[in-house]
Peer 1: 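One structure is given below, represented as structure tokens, and several questions about it will come after.
In this text, all values refer to a predicted model and were calculated from it rather than measured experimentally. Values below: every heavy atom of this structure, side chains too, minus hydrogens, waters and symmetry copies. In what follows, chains are A, B, ... by sequence order, proteins preceding strands, each numbered from 1.
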Amino acid sequence: MVSKEDVKYIAELCKLKFSEEELEEFTAEFCRIIGFVELLKEVDTEGVEATYHVSPKIQPLREDKVEPSLSREKVLQNAPEEQYGYFKLPRIMD
Amino acid sequence: MRYKTMIGLEIHVELMTKTKIFCGCPNDFGGDVNTHCCPVCLGLPGALPVLNKSAVEYAIKAGLAFNSQIATRTRMDRKNYFYPDLVKGYQISQDEIPLCSGGYVEIEKEDGPKKIRLMRIHIEEDTGKSIHTEEADTLLDYNRGGVPLIEIVTYPDMNTPEEARLFLEKLRATLKYIEVSDCKMEEGSLRCDININVIDTQTNTRTNITELKNLNSFKAAVKAMEYEEKRHIALLEAGKNTEGETRRWDEVKNETIVMREKGGVADYRYAPDFDIAPIVIEEEWIDEIRNSLPELPHDKKERFIREYGLPEYDAGVLTQSKELADFYEETNKYAKDPKQVSNWIMGDVLRRLKDEELEIEDLKFGPKDLAHLLELINSGKISNNIGKKVLREMFETGGKPEKIVKERGLIQISDEGELESIVKKVLSENQQSIIDYKNGKDRALGYLIGQVMKATKGKANPQLVNKMVREMIEE
Amino acid sequence: MDITKGTAMEMRERIINKEISARELVKAHMDRIEEMEGKINAFITVTKEEAFKKADLIDAKIKNGEDLGALAGIPIGIKDNIITEGIRTSCGSKMLENFIPPYEATVVDKINKEDGIILGKTNMDEFAMGSSTETSYFGTTKNPLDLERVPGGSSGGSAAAVKSNEVALSLGSDTGGSVRQPASFCGVVGIKPSYGLVSRYGLVSLANSFDQIGVMGRNVKDAALMLQVIVGHDAKDSTSTDMERINYLDDLNEDIRDMKIAVPKEFFEIDMDNRVRENVEKAIKVFEELGGKVEEISLPNSKYGLPTYYILSTAEISSNMSRFDGIRYGYRAKEYNSLDELYMNSRSEAFGKEVKRRIMVGTYALSRDHTEDYYKKALKVRTLIKNELDEAFKKYDIILSPTSPHLPFKIGERINDPVNMYKADCFTILANLAGICALSIPCGYIEGLPVGLQIMGDRYKEIDILKAAYAFELATGGVNNAL
Ligand SMILES: [Mg+2]
Ligand SMILES: [Zn+2]
């Protein structure tokens, strides 16, 4: 039901790399979800609304008021690479 | 017409809120690299977005201005894709329930108005910006990341590039009228993607849709559409089809170039963003916003016709932008004749602005100055032609018309005594023209008057010169 | 007497009464950490210097006669997926091995304001994906009650640190049971508050619509004290709830006469350790003896909880994990030739197996061809499950069940059997699906291994489950039972 091509497509979407062996494992894993989904199919959800938020409370929107930003030093604090105040991606043009 | 072009647009417009859409960082164009950033707009783990009320309000304003339905309950969704400019690996946008749906923009074509239908207007966040260095490195600045956008999507209701241009003009004018965006294409606060294809109405075959991106002016957009229209038709005529691909406009080569091959349909895995509580919009709030809307272009045009007695055409041109309309109304406050004001603005002022690719805001003189200039003409102090000359100088130096007239000695000569010797001299030097005139050649009179005007550097009162020349010839 | 073995309440008392200084208290706990860490590995980062600094501040306050906060001097452990400004927050992952956040989580802010002393960041399953703390990049945490066994997870470090007296209180996070299950495995009290009661600002998201920060303590009052401090609306979290504050400590009492208690019959049809079942059945009898009105009910949709949770949580995970791309922070691969390779290599090298598995599953569930049948369907089934529980709480105050169907298992025993690992969450996920509150309290020991009783309550009715737990605690050995 799930092909290795399907698994490859999913891996490409979420930017993960796998060995052939791992790809096979996922094929089995995906089949298991299909099993789960089969179980859900027996539930009659005709006319049932999807739950998007469990809490019934509505929050007010944020007032359009400026708050302090981070200093550039802190912005770049965890950057793997930086240059001239920018985050840097070396040797990659896209 | 055998070939029918179909054009649909997707326009992204940055909203002029004080802060970004989900955080309190300032929403300013420019600013030092990576200084308008915080944990939220950097997408740091654990940080949560909180929706800006003004962003919602501005989007509703736009929806109301374009006659859209406003959703009373909506939510934000995630559009998942990887891109360095995008800090979270997803863009917070709206999928199933856009804030505004439906609506239309009415464009004024020469053969009458046409409605271009809108599919939707939704709110979303802008991405950061990357620049590429000569060393092939990419440098990333996230100041723009999280700036509020509205995305406006039309139906493919435009059938010519000109219609698309009119649509864009009207859209921009309206958004500026309601003050939700400055719509500066060159700064990227208005960005437009175009979907275009052509149908052969005889065979009912249609080309695949081409998506045009990265257009940085309306002019470029029109050129790109015209180019594509021709390309699609040529392919149809050759029995071929287009690739469903994305192309961009190349300013230098004057042609569109493939950016991205068609590939599969993007799989964005839209899902609700549970970090943002459901958005509930009270009817009262919508009414409040509706009541706060300024006069829209169409209403203003109607009022100009009513209030100033302008022809429809004039009223249409003058209400193209709020700034222009304001300039016209302000000038009228100090001038007597609304139609004369309209003639001068639509004529000399707009022509000059168009030639120099400037906007009314760029003028060096104000409405009061223009009114004073007209007053000088109407009182007979200067001639109409001298008035045009003065206006040219006002364009260049921004000087006051009275001052220019005085300094250049341009005041009209309306004294017969002063003109007598000049007229006599011109007549004595042009005997042949007198004979011609007497033989019935009316044009000779004009020539003689022209010579007098020339001799006075245009300062002579033309009506007076006319009278004096006739009288002297008769003598 | 060893001060580390007391309750948090006692520690605070003794500090206020100047019987002990905050510095001495921190010192005693730091010694304990030194003694225990080699065995149990409950911490990823111990913040010794900061802790002593904070202790000195509190001692200065005491000296100056200033008012003290509710957590004055109490040593606290924070799960490492809760953001601490200037202190590494790794989420148990190689991805964030060197990540120093430039901001503070709201809960950490609150703890600091109430004079709590943070001793460090506790170990966890990588990005909270797991039920055993075995998926941590920083090594497995061991169960203090049996070093060969897991402490549960994903908040295993927080549970183990509390149980082994390294700290008095801790914070965990609970997406599908990650506070309650380790609390059960380590024999402590763990509370998962109602969705929205505690700000999530600064909690690294696992599955946003399920996540809640929870608390752990060695008895009910300690846990309630911690809960009291961290609840409340936060403008930075639009899903946090703006509601009247309830004082859990003042309102706490052991009178549960006429409390309406439901026991869902489906819960006992599940494949579970019989000894666990017997223990829990005994616990239910205690509630009856205390005057509670126990009735059996049916929750027919509860059996769809697992697949629903599995699909929805992985879908959210797949999206949440996308921000870890090696560009602005976190691990970046050394080798790559294109942008795509930079993404793929960084993510593939820095994420562990379980993280990758869930990202893949979630991406699959949300992908174009499946979102309708999988994701949207699950969102609707969630509504049915939620409605069913909402109905139950119209009639009953609390619902009882085991916390986990099993006793703590051996390290390595299940790590390669993810499905059975997920299945063990069957009792806990319902509270997350419905956004209601639940806690786990020790209800007995089998061969030295603790059994946890789960008490579920209605949305924002934390006081109900606290009362029930407190009554049970007093009836079965007193407040020092779990110490
Ligand atoms: Mg968009
Ligand atoms: Zn920001």
Side-chain angles (χ1 to χ4, degrees), chain A residues 2-3 5-18 26 30 33 37 40 45 47-94, chain B residues 17-28 31-39 41-42 44 49-58 73 75 80-84 89 128 130-133 135-143 148 264 267-269 272-274 276-281:
Chain A
V2 181
S3 72
E5 286 312 305
D6 295 338
V7 179
K8 273 188 183 159
Y9 168 74
I10 296 299
E12 166 61 32
L13 274 182
C14 61
K15 305 290 179 209
L16 288 172
K17 213 164 72 175
F18 295 105
F26 279 115
F30 287 173
I33 332 175
V37 174
L40 290 187
T45 50
V48 175
E49 289 229 14
T51 288
Y52 289 112
H53 290 89
V54 281
S55 168
K57 311 261 164 141
I58 307 302
Q59 295 305 320
L61 300 170
R62 182 175 62 81
E63 290 303 322
D64 189 15
K65 208 178 103 235
V66 175
E67 307 272 353
S69 300
L70 290 175
S71 67
R72 183 151 73 199
E73 192 193 350
K74 286 203 167 173
V75 168
L76 295 170
Q77 178 172 297
N78 290 284
E81 281 177 86
E82 54 163 302
Q83 194 173 28
Y84 318 125
Y86 293 86
F87 292 87
K88 184 180 175 186
L89 286 180
R91 307 177 312 284
I92 282 180
M93 297 257 271
D94 187 69
Chain B
T17 52
K18 290 192 200 77
T19 64
K20 293 185 177 182
I21 186 167
F22 299 121
C23 65
C25 287
N27 171 16
D28 282 339
D32 269 0
V33 173
N34 287 316
T35 55
H36 295 168
C37 303
C38 73
C41 58
L42 284 172
L44 293 188
V50 183
L51 186 55
N52 181 343
K53 188 175 175 185
S54 292
V56 177
E57 183 184 323
Y58 286 16
R73 198 180 169 93
R75 62 160 194 266
N80 293 287
Y81 65 98
F82 284 86
Y83 200 63
S130 44
I131 56 168
H132 303 295
T133 69
E135 291 82 31
D137 297 334
T138 297
L139 300 178
L140 295 152
D141 172 18
Y142 294 105
N143 281 353
D267 195 342
Y268 290 123
R269 289 155 285 137
D273 192 327
F274 292 109
I276 298 164
I279 305 161
V280 173
I281 295 162

Peer 1: Just so I understand: if I count every heavy-atom pair under 4.5 Å between each of Cys37(B), Ala277(B), Gly89(B) and chain A, which residue has the most?
Peer 2: Cys37(B)
Peer 1: So which of Asn52(B), Val280(B), Asn80(B) has the biggest tally of heavy-atom pairs under 4.5 Å with chain A?
Peer 2: Asn52(B)
Peer 1: Does any heavy atom of chain A fall under 4.5 Å from the side chain of Leu42(B), the backbone, both, or neither of them?
Peer 2: side chain
Peer 1: What part of Ile131(B) is in contact with chain A, defined as an atom under 4.5 angstrom from a non-hydrogen atom: side chain, backbone, both or neither?
Peer 2: side chain
Peer 1: Give, as side chain, backbone, both or neither, the part of Ile21(B) having an atom under 4.5 angstrom from any heavy atom of chain A.
Peer 2: backbone
Peer 1: Using non-hydrogen atoms only, which part of Pro278(B) is less than 4.5 Å away from chain A: side chain, backbone, both, or neither?
Peer 2: both
Peer 1: Check whether Phe274(B) gets within reach of chain A through its side chain, its backbone, both or neither, counting any heavy atom under 4.5 Å.
Peer 2: both
Peer 1: With only heavy atoms counted, which part of Asp28(B) is less than 4.5 Å from chain A, the side chain, the backbone, both or neither?
Peer 2: neither
Peer 1: Is there a donor-acceptor contact under 3.5 Å from the side chain of Lys18(B) to the main chain of Ser54(B)?
Peer 2: no
Peer 1: What residue, out of Glu63(A), His53(A), Lys65(A), has the most heavy-atom pairs lying under 4.5 Å from chain B?
Peer 2: His53(A)
Peer 1: Test your reading of the model: is there a side-chain donor-acceptor pair from Asn34(B) to the backbone of Leu140(B), 3.5 Å cut-off?
Peer 2: yes
Peer 1: Given a strict heavy-atom distance threshold of 4.5 Å, which part of Phe22(B) is in contact with chain A: side chain, backbone, both, or neither?
Peer 2: backbone
Peer 1: If you look at every heavy atom in Thr51(A) and Val54(A), which pair is closest and at what distance?
Peer 2: CG2-CG1, 4.1 Å
Peer 1: Provide the closest heavy-atom pair for Val50(B) versus Arg62(A) in the form atom of the first, atom of the second, distance.
Peer 2: O-NE, 3.2 Å
Peer 1: More than 12 foreign heavy atoms under 6.0 Å from CD of Glu135(B): is that the case here?
Peer 2: yes
Peer 1: Which atoms of Asp32(B) come close to chain A, meaning under 4.5 Å heavy atom to heavy atom: side chain ones, backbone ones, both, or neither?
Peer 2: both
Peer 1: Is chain A contacted by the side chain of Cys41(B), its backbone, both, or neither, given a heavy-atom distance below 4.5 Å?
Peer 2: neither
Peer 1: Taking the side chain from Ser71(A) and the backbone from Lys74(A), do they hold a donor-acceptor pair closer than 3.5 Å?
Peer 2: yes
Peer 1: Can you tell me which of Cys14(A), Ser69(A), Pro60(A) forms the most heavy-atom pairs within a distance under 4.5 Å of chain B?
Peer 2: Ser69(A)
